[in-house]
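As structure tokens, the structure follows; a few thoughts come after it.
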Amino acid sequence: TRSPVNVTVTGAAGQIGYALLFRIASGQLLGADVPVKLRLLEITPALKAAEGTAMELDDCAFPLLQGIDISDDPNVAFDGTNVALLVGARPRTKGMERGDLLEANGGIFKPQGKAINDHAADDVKILVVGNPANTNALIAQAAAPDVPSERFTAMTRLDHNRALTQLSKKTGVPVSEIKRLTIWGNHSATQYPDIFHATVAGKNAAEVVSDEKWLAEDFIPTVAKRGAAIIEARGASSAASAANAAIDHVHTWVNGTAEGNWTSMAIPSDGSYGVPEGLISSFPVTTKDGTYEIVQGLDVNEFSRARIDASVKELEEEREAVRALGLI
Ligand code: NAI
């Protein structure tokens with residue numbers, strides 16, 4: 001039988017954690033034949049709540065779940081970790097400036113990056129979900145010089161999935177027949193969901209839609225501001241859909257994209273498409289055998305260029321800000 005894969009989840013007692021852990025334990029993250037060991041990291045006051053979640057995980061009697069460890073020490077929680085899901089973060093509270101937010105998150109992601117550097121398994125893959133996700137990933141990466149830099153990724157899969165459904169609703173074509181959609185840039189309101197290379201039922205999506213007003217004034221803002229719309233409706237931020245996207249992100253990274261399709265992941269730029277090297281920005285990527293590649297050679301029109309550049313500019317500003325704070 002296979003040896004178990006160690007999966008660390010930070011912020012395990014939070015609402016995304018609650019929606020995520022049961023799906024990991026049931027085999028949806030890595031596959032129905034892959035046993036897992038869960039490592040839950042929480043801050044000390046939330047350890048008891050994490051223990052409660054662990055009790056419920058026990059009570060599911062998941063055949064693939066081979067153990068649950070809970071800790072408030074990153075050095076313990078990341079020991080031997082193969083997949084690290086960095087969910088716990090410091091949310092922006094009223095009156096908080098961006099600098100304060102980045103500094104507070106630096107206090108979380110810098111030590112976690114260091115602990116990953118010192119204790120994770122050689123094949124570790126890291127997904128940062130906690131916001132500001134792209135820049136938190138950059139902070140963790142900078143603290144982990146011994147880990148190959150491309151292992152640090154941030155989540156734009158929720159934005160990707162949101163865009164799929166909006167395009168499906170507009171065209172009446174099921175999401176299963178929509179391919180090659182791309183989220184570019186930052187996981188923030190500046191992100192750019194791009195349908196110019198997408199296909200719906202085999203036809204070019206932009207041509208099928210043929211409605212630039214809808215694109216600019218409806219589709220893009222609906223996808224980009226969906227997080228705020230969920231908070232408004234639900235009274236709490238997206239949790240199950242965020243957990244679902246985290247599952248999708250890792251599952252695709254490990255198991256590969258289908259022939260002729262791609263996905264969106266925020267990954268360290270190699271300079272492709274004019275995105276400055278090193279920024280953790282969302283790109284169209286194909287995956288295979290646990291590695292990914294940026295889709296090359298796409299023609300970026302003026303409409304797209306301006307929007308990609310705006311989001312990348314925001315990422316550059318965030319990078320400058322964390323550099324000024326000494327976090328990278
Ligand atoms: P939550 O507030 O319910 O849970 C966060 C948990 O993290 C709490 O239990 C807290 O105790 C824990 N935590 C805080 N600092 C920690 C540390 N240093 N180590 C370990 N755990 C720590 O928040 P929720 O709803 O689960 O969201 C988590 C994060 O995910 C937020 O930053 C949110 O903005 C982000 N998010 C990202 C999305 C994306 O698409 N990238 C989508 C939705 C949410």
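Bear in mind the structure is a predicted one, so any value in this text is a computation, not a measurement. Remember, it's 1-based here, ligands and their atoms both numbered in the order they're listed.
The two residues P221 and A216 have their closest heavy-atom pair at CD-O, 3.3 Å.
Closest to atom 30 (O) of ligand 1, if we only count protein heavy atoms, is I16 CD1, 3.4 Å. Looking from atom 16 (C) of ligand 1 to the surrounding protein, the closest heavy atom is I43 CG2, 3.4 Å. With hydrogens left out, the protein atom closest to atom 18 (N) of ligand 1 is I108 CG2, 3.5 Å, a heavy atom. Residue, atom and distance of the protein heavy atom nearest to atom 8 (C) of ligand 1 are E42 OE2, 3.5 Å. With respect to atom 3 (O) of ligand 1, the closest heavy atom belonging to the protein is Q15 N, 2.9 Å. Of the protein's non-hydrogen atoms, the one nearest atom 4 (O) of ligand 1 is G14 CA, 3.2 Å.
In the model, Q166 has no side-chain atom that pairs as donor or acceptor with a side-chain atom of T222 under 3.5 Å. No side-chain donor from either of R226 and S241 sits under 3.5 Å from a side-chain acceptor of the other. Defined by atom type and a distance below 3.5 Å, a donor-acceptor pair is missing between the side-chain atoms of H187 and N134. At a cut-off of 3.5 Å, with distance as the only test, no side-chain donor of N131 or R92 sits close to an acceptor on the other residue. Using modelled atom types and a 3.5 Å distance limit, the side chains of S272 and D270 yield a donor-acceptor pair. If you check the side chains of S188 and E314, you find a donor sitting under 3.5 Å from an acceptor. Side-chain polar atoms of Y292 and E150 form no donor-acceptor pair below 3.5 angstrom. No side-chain donor from either of W184 and S311 sits under 3.5 Å from a side-chain acceptor of the other.
Interface atoms of ligand 1 facing A242, defined by a heavy-atom separation under 4.0 Å, are 42 (C), 43 (C). With ligand atoms numbered from 1 in the order given, ligand 1 contributes 40 (O), 42 (C) to contacts under 4.0 Å with heavy atoms of L158. Of all atoms in ligand 1, numbered sequentially from 1 with element shown, those under 4.0 Å from a heavy atom of S237 are 25 (O). Interface of A89 with ligand 1, defined as ligand atoms under 4.0 Å from a residue heavy atom, comprises 32 (O). Those atoms of ligand 1 that come under 4.0 Å of a heavy atom in G11, given as number and element, are 6 (C), 7 (O), 12 (C), 20 (C), 21 (N). Annotation for ligand 1: atoms under 4.0 Å from non-hydrogen atoms of V87 are 28 (C), 29 (C), 30 (O). When each atom of ligand 1 is checked for a heavy atom of A13 under 4.0 Å away, the hits are 9 (O). Residue contact check: Q112 has heavy atoms under 4.0 Å from atoms 17 (C), 18 (N), 19 (N) of ligand 1.
Under a 4.0 Å N-O distance rule, the pair K170/D218 does not qualify as a salt bridge. In summary, E316 and K313 do not engage in a salt bridge, as defined by a charged side-chain N under 4.0 Å from a carboxylate O.
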Could you check T153 against H249 for side chain to side chain donor-acceptor pair (under 3.5 Å), going step by step and ending with a plain yes or no? CA-CA 10 Å; T153 68; H249 177 112; 3.0 Å; yes
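Any N or O atom pair closer than 3.5 Å counts here, and H187 shares at least one such pair with ligand 1. Considering both main-chain and side-chain atoms, S238 never comes within under 3.5 Å of ligand 1 through any nitrogen or oxygen pair. By the 3.5 Å distance cut-off applied to N or O atoms, T10 is not counted among the residues near ligand 1.
At a heavy-atom cutoff of 4.0 Å, ligand 1 is contacted by both the backbone and the side chain of V129.
Under the 4.0 Å distance rule, the nearest protein heavy atom to atom 11 (O) of ligand 1 falls inside the cut-off.
With N131, L127, L86, L47 as candidates, the residue nearest to atom 36 (N) of ligand 1 on a non-hydrogen basis is N131.
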